[in-house]
There are 2 protein chains.
Amino acid sequence: MMLSKKTKYALKALHYLAEQPGDQPVLIADLARAENIPKKFLEFILLSLRKGGILQSRVGKGGGYSLAQPANRITIGAVINILEGNIAPVQCLDTTNQAHCEECLDEKTCGIRLVMTDVNIALSQVLNNLTLTDMVERAEAARNKQQNIVDFSI
Amino acid sequence: MMLSKKTKYALKALHYLAEQPGDQPVLIADLARAENIPKKFLEFILLSLRKGGILQSRVGKGGGYSLAQPANRITIGAVINILEGNIAPVQCLDTTNQAHCEECLDEKTCGIRLVMTDVNIALSQVLNNLTLTDMVERAEAARNKQQNIVDFSI
DNA sequence: ATCATATCTATTAAAAATATAGATATGACA
DNA sequence: TGTCATATCTATATTTTTAATAGATATGAT
């Protein structure tokens with residue numbers, strides 16, 4: 001149930017973009033350097049996110065990538081969906097792609113599917129309600145907390 | 001967030017074992033045939049489950065595998081934990097193995113970690129409360145339902 | 001026209017998941 | 001005690017997926 005490196009890179013990049021004042025566009029190269037992500041791999045990730053409607057881009061001087069929607073409208077679930085193809089713990093629960101588990105003889109009576117339905121619901125619940133804003137705010141809060149502790153100890 | 005084939009095989013095998021009357025031991029070969037799982041791969045899976053305390057085995061004539069605990073005490077979460085190593089969506093949340101995300105500079109302020117904590121809690125909640133019994137019962141209920149529909153149509 | 005940028009196509013490399021083979025240990029039973 | 005049926009172990013091969021790289025092209029600003 002582990003997030004892929006690709007998805008983590010995506011979340012890091014989005015985090016960075018969400019923190020840009022005035023949604024100023026950022027160059028792939030800068031983003032790659034700032035978040036320590038292989039540039040060519042990041043290119044591909046950003047392109048996916050753009051095609052998924054989460055990012056927008058501009059070519060040429062002054063160009064770069066920026067969020068295509070307000071950060072509080074971009075859910076973590078949407079990001080995972082774009083990069084991993086779906087969120088479901090088993091293919092037969094991936095409704096958006098109408099996928100099926102090859103080895104399964106009868107989906108309707110499959111015990112695995114019947115229990116994983118609960119997992120799927122719980123996951124959707126959480127992931128579709130967490131947004132980039134949550135991520136940014138929580139990180140900031142954590143930094144502040146850490147900062148305060150340091151300040152007091154001086 | 002997809003279950004591996006290995007874990008699915010494990011759940012299928014456990015399902016089959018849970019349905020044995022009187023917890024009668026089942027041969028690897030029979031289990032492999034019944035659930036259509038590559039035998040050698042299944043051997044490895046069953047061994048893991050035994051080492052994890054979920055199954056017990058006996059060598060020699062009349063031997064085989066059976067559940068080491070009542071089916072309603074074996075959680076789906078425990079099974080996944082044994083086969084995938086953990087349940088957490090990111091390594092740094094895998095407390096049992098005290099793992100960390102290599103690329104992460106500061107875990108405490110990592111936004112990904114902070115949002116994935118919610119996911120982790122939700123997953124644990126569900127997976128540690130679903131048992132083999134749930135799986136078996138739901139499958140049976142689904143079969144009955146299907147059966148009834150057929151009966152009526154005759 | 002030039003330069004800075006994203007975009008596309010193709011390929012390679014590395015890692016993980018899945019599957020197989022063969023030898024060995026264990027226990028039941030005659 | 002010997003034989004057979006079984007799980008167990010060690011090693012390796014195969015396949016699939018993930019991650020990373022390279023080079024050519026399209027686009028837009030100035």
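Naming convention: chains lettered A, B, ... in sequence-line order (proteins, then strands); numbering from 1 in each chain.
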Open item on the list: So which atom in A/A71 and which in A/T131 form the shortest heavy-atom distance, rounded to 0.1 Å?
Closed with: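 That closest heavy-atom pairing would be O-CB, 3.7 Å.
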Proximal nucleotide (of [options]) relative to the [X] side chain:
X	options	result
B/R58	D/dA20, C/dA28, D/dT6	C/dA28
B/Y65	D/dA19, C/dT18, D/dA7	D/dA7
A/V59	D/dA19, D/dT8, D/dG28	D/dG28

Atom [atom1] of [X] to atom [atom2] of [N]: distance rounded to whole Å?
X	N	atom1	atom2	answer
A/K6	D/dT18	NZ	P	7 Å
B/K61	C/dA25	NZ	P	23 Å
B/D30	D/dA5	CG	C1'	12 Å
A/E102	C/dA17	CD	C1'	13 Å
A/E84	D/dT17	CD	P	13 Å
A/K8	D/dT18	NZ	P	14 Å
B/L27	D/dC4	CG	P	18 Å

Task: 5′-ward residue of the pair B/S4/A/I28 relative to DNA chain C - done: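 Final value for this comparison: A/I28.
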Hey, is [X] close enough to [Y] for a salt bridge, meaning N to O under 4.0 Å?
X	Y	value
B/R143	B/E137	no
A/K39	A/D30	no
A/K8	B/E103	yes
A/D118	B/R138	yes

TODO: Determine: side-chain N/O of A/K5 to OP1/OP2 of D/dA20, distance under 4.0 Å, yes or no.
DONE: yes
Open item on the list: Is B/Y9 close enough to C/dA19 that one of its side-chain N or O atoms is under 4.0 Å from OP1 or OP2 there?
Closed with: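 Answer is yes, contact under 4.0 Å.
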TODO: Begin with the C-alpha distance, continue with both residues' side-chain angles, and end with the deciding distance and a verdict on side-chain contact (heavy atoms from CB on, under 4.5 Å) for B/Q56 and B/L67.
DONE: CA-CA 6 Å; B/Q56 60 190 115; B/L67 299 185; over 6 Å; no
Open item on the list: Within residues 13-24 of chain B, which residues have any heavy atom lying less than 4.0 Å from an atom of DNA chain D?
Closed with: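 Within residues 13-24 of chain B, no residue comes under 4.0 Å of DNA chain D.
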- [ ] Using heavy atoms and a sub-4.0 Å distance, could you list which residues of residues 37-57 of chain B are near DNA chain D? By number, please.
- [x]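 Within residues 37-57 of chain B, the residues near DNA chain D are B/K40, B/E43, B/L47, B/R50, B/K51, B/S57.
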Task: Under 3.5 Å side-chain donor-acceptor pair for B/T117 and B/N120 - done: no
TODO: Starting at CD1 of B/I45, measure out to OH of B/Y65 and round the result to the nearest 0.5 Å.
DONE: 11.0 Å
TODO: Is it possible for you to say whether B/L83 and B/I87 belong to one hydrophobic cluster, with membership spreading through side-chain heavy-atom contacts below 4.5 Å?
DONE: yes
